[in-house]
Participant: 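One structure, as C-alpha cells, below. Some questions next.
Just so you know, ligand 1 is whichever comes first in the structure, and atom 1 is the first atom listed for that ligand. No hydrogens, no waters, no symmetry mates; every other heavy atom, side chains included, goes into these values.
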Amino acid sequence: MSLIRPLIRTTTLAGLLLAAAAALAAPPTVPDTHTRRVPKASAAQIASPLPADWQHGAFMEIYVRGYQDSDGDGIGDLKGLTSRLDYLKDLGITGLWLMPVMDSQDKDHGYATKHYRAIESEYGTLADFDELLKQAHARGIGVVIDYLLNHSAAEHPAFIASDSAARPNPWRDWYVWQPTKPDGWQIYNQTPWYETDSGAYFAGFWNQMPDFNLKNPKVVDWHLDNLRFWLNRGVDGFRFDAVGNLVENGPDAWEMQPENLKLMGRVRQVVMGYPNRYMVCEAPGGPIALASPDVCGASFAFTQNFNVVGAAAGDPDSVRDASAYFTTAPPSMATFASNHDAFAGDRLHDQVGGDERHMKLAAATYLLLPGTPFLYYGEEIGMAGARDLKGDHKLRTPMSWTADPKTAGFTTGEPFRALSANVAQRNAAAQLADPHSLRAHYKAVIALRKSLPALMHGRYAGAQAQDTRMQFRRVLTTGKGTDTVWVGFNYGNRAATLDLADLPAGMTLRRRWPAGAEDVMLDAQGRAKVTLPAGSFAVLQAVPVQAR
Ligand SMILES: [Ca+2]
Ligand SMILES: [Ca+2]
C-alpha cells in the first residue's frame, strides 16, 4: 500500500515556489497508446464465432494469477489458462469471466488498472490473449473480461498528468479533484479524499485507485473506445466492477446515483452493437435495478448467494428466500454460491464446513433455478480457502490441480501464494478419477441444464417452499409447444413427500434426475406425489404418455 507520490501538502516557501514553477510548466501529456481512437470495427470483428446459448452459462469466474502457471515463475498466466480450456470444456463451461487481465499497478487482484489496452505483463501479451480467445472460441467458450469504469491505478498516466498544478491541464477533469480536502465524507469507514501537492483527489476504495470523473464526457467516450478495443479483438463481453460507485453527487449521495444507470445504458449500447456479446454488472447495493435491459441487462444476484448456501445447509428461512427470489427478480440475474470477494462469503466448501451433500445441493439449487450461473474456480472440486490467510487472499489461492503439497500442480516453481487448505484431499486429479465426485456432480447438473432448454430459458412458475422442501416449475413455450420441467428439493435429514399440482393433466413425468429412477404418472387433474430421500433433489419433465 506504499504511496508512489508524496501526499503531503505543500506548506513551505520552497514548496510554494515549486508549485508556482509547475504552474508555468507545460501541461503533462499521456502517451497516445492509451488514448488513440479505435478504428471502426470490421464485419469480421463484429461477428461472433459462438453459438447463441453460450452466454446462458454455466460461466466460470477465473483468477488468472491463481489458475495455472505456464513458465515456472509461480504466477498464473494466460498460456496456463489456455492449457486448461479442455478441463473447462469437459465440465460444460461455456463462458469465462476473467478477473482483470489488463496491466495493473497492484500485481495482485488487478483492479488497479494502469493501461486499459495492454495485458498485465505477468500474465503474458496481447498475442497470448488473442490465442486464448481463439482456443476458447474453438471450444464454444466465450471470454468476458473485468472492466474498471470507476477508477484507474494511481500510476495510470492520465492520473499522474491530472495531478499537476500546470494550467490549463486537460487531464485535471479526468479525475475528481478539489483544491482542498472536503469535509463530511465517509465511505467504507474512511475519508475518500487524499491530498497531494496539487489538491485533493477522490478515491472511494483505496488511495491508489483514484475515481474517474465520469461526469466528463471525454472520459466516458474514452472508456467506450477502450471497450471497442477489446470487442474488436474478439472479446465476448465484460463484467463491470463497482457499478454502484460510478458517479458521486455529495457526501450522502455517492452510491447508486441515477447517472450510473444512464451511463451503463450507454455502455450496453456499445457492447450490444456487437452481436452475441454479454455483459454483467456488479453492485451489491442494488443489483436488480441494473439488470434492466436498458441498463446492464444482467447483474449479480447478491443475497441470493447466501439464500442458496443456507438452503443447501437446511435452513428453512433460506429455503423460503431462495424460492422467492426469482418470483420478483428478472431471470437475467447472474447467480453464484461464492466469488473472489470476502464480503460475498467464504469459499462454498468453507461456508458449509466441507459437507459434500451441502455442496452438491447448493450447486444444484443455483444451476436449476433461473439465472445465469457463475461458478468460482475450484468450487467444482470443493476447494477450501488457504488455512493461514484471511480476507480476499484466502479465497484467491492457486487452483488445486493435483495433491502435490508444494505446488498443487499449479506451477513447477514456487506458488505466489499459499495453497488451499485441502489440496491433499480435494484436487482436480482425484476428482476426475472418481465418478461420484463433486466435480462429476457439477458436470452432470450442468449437462442436465443444457439438455433441457426449459431449465435454461423457461419461466419460473409454481414456486413453493415449506420448511426444508421446495419445488418449482420451469416452463418454456415455443413454436413447438410448451415444455414443463418440475424441480423439487428436499434439504432435510429425512425423506419427504412433495405434492405436485398444476402440471399438464394426463402426461407422464419423466425422471431426468436422478438417473434410473421411475417415471411419475400424473392424474387427470395434473397432480402427483413424489418422495425425495433426505438431502436430494429430482428433476421431472412432462412428456406425452405415448412418448414413454
Ligand atoms: Ca507464469
Ligand atoms: Ca466513482
Side-chain angles (χ1 to χ4, degrees), residues 62-84 98 101 103-104 107-108 110-113 119-125 127-129 131-132 147-154 156 158-159 162 173-178 182 185-188 190-194 200-216 219-220 223 240-264 267 281-286 290 398-399 401 407-417:
I62 288 181
Y63 179 37
V64 173
R65 185 171 295 269
Y67 206 60
Q68 178 67 59
D69 176 24
S70 72
D71 58 4
D73 69 354
I75 295 170
D77 46 54
L78 294 174
K79 279 185 175 155
L81 169 57
T82 302
S83 75
R84 293 298 187 179
L98 307 186
V101 293
D103 182 23
S104 84
K107 303 291 179 196
D108 179 4
Y111 286 98
T113 310
I119 291 290
E120 164 58 47
S121 57
E122 290 180 339
Y123 292 177
T125 63
D128 295 336
F129 186 74
E131 182 65 14
L132 168 68
Y147 190 92
L148 283 294
L149 286 164
N150 182 63
H151 53 259
S152 72
H156 194 288
F159 181 71
S162 82
D173 280 349
W174 275 53
Y175 292 83
V176 182
W177 283 98
Q178 293 284 332
W185 286 77
Q186 280 283 310
I187 297 185
Y188 311 128
Q190 59 190 8
T191 174
W193 292 94
Y194 300 91
Y201 68 92
F202 179 88
F205 290 98
W206 178 30
N207 67 359
Q208 293 302 293
M209 298 197 307
D211 279 43
F212 282 111
N213 172 18
L214 293 167
K215 292 180 177 173
N216 179 350
V219 174
V220 173
H223 273 309
F240 291 99
D241 183 68
V243 168
N245 298 62
L246 299 180
V247 171
E248 293 77 26
N249 289 315
D252 301 316
W254 55 268
E255 197 166 29
M256 283 304 285
Q257 297 300 294
E259 292 92 334
N260 299 10
L261 304 188
K262 271 192 207 139
L263 173 56
M264 292 319 298
V267 165
C281 288
E282 181 225 20
L290 294 175
M399 172 74 179
W401 294 106
T407 68
F410 158 77
T411 178
T412 55
E414 180 86 15
F416 72 101
R417 180 167 292 156

Participant: Side chains of R65 and E122, heavy atoms from C-beta outward: is any pair under 4.5 Å?
Facilitator: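 Yes. Closest side-chain heavy atoms under 4.5 Å.
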
Participant: Measure from the ring center of W401 to the ring center of Y67 and say whether it is less than 6.0 Å.
Facilitator: yes

Participant: From the Ca ion (ligand 1) out to just under 3.0 Å, does an N/O/S atom of E122 turn up?
Facilitator: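 Checking E122: none of its N, O or S atoms is under 3.0 Å.
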
Participant: State, to the nearest 10 degrees, the angle whose vertex is the Ca ion (ligand 1) and whose arms point to O of I75 and OD1 of D73.
Facilitator: 90°

Participant: Just to confirm my numbers, could you give the angle made at the Ca ion (ligand 2) by OE2 of E248 and O of N245, rounded to 10°?
Facilitator: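 For OE2 of E248 and O of N245, the angle centred on the Ca ion (ligand 2) reads 80°.
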
Participant: Any donor-acceptor pair under 3.5 Å linking the side-chain atoms of D173 with those of N216?
Facilitator: no

Participant: Under 3.5 Å, is there a donor on one side chain and an acceptor on the other for Y111 and H151?
Facilitator: no

Participant: For a distance under 3.0 Å, tell me if A242 has an N/O/S atom near the Ca ion (ligand 2).
Facilitator: no

Participant: When you look at K79 and E131, which way does the salt bridge (Lys or Arg N to Asp or Glu O under 4.0 Å) test go after all the steps?
Facilitator: CA-CA 8 Å; K79 279 185 175 155; E131 182 65 14; over 6 Å; no

Participant: Knowing that exactly one of W177, Y175, W185, W254 qualifies, which makes a ring-ring contact (aromatic ring centres under 6.0 Å, His included) with W193?
Facilitator: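 That would be W185; it is the only one of W177, Y175, W185, W254 passing the ring-ring contact (aromatic ring centres under 6.0 Å, His included) with W193.
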
Participant: Which single N/O/S atom of D69 lies at minimum distance from the Ca ion (ligand 1)?
Facilitator: OD1

Participant: Take the Ca ion (ligand 2) as the vertex and measure to OD2 of D211 and OD1 of N150; round to 10°.
Facilitator: 90°

Participant: Could you tell me the angle subtended at the Ca ion (ligand 1) by OD1 of D71 and OD2 of D77, rounded to 10°?
Facilitator: 100°

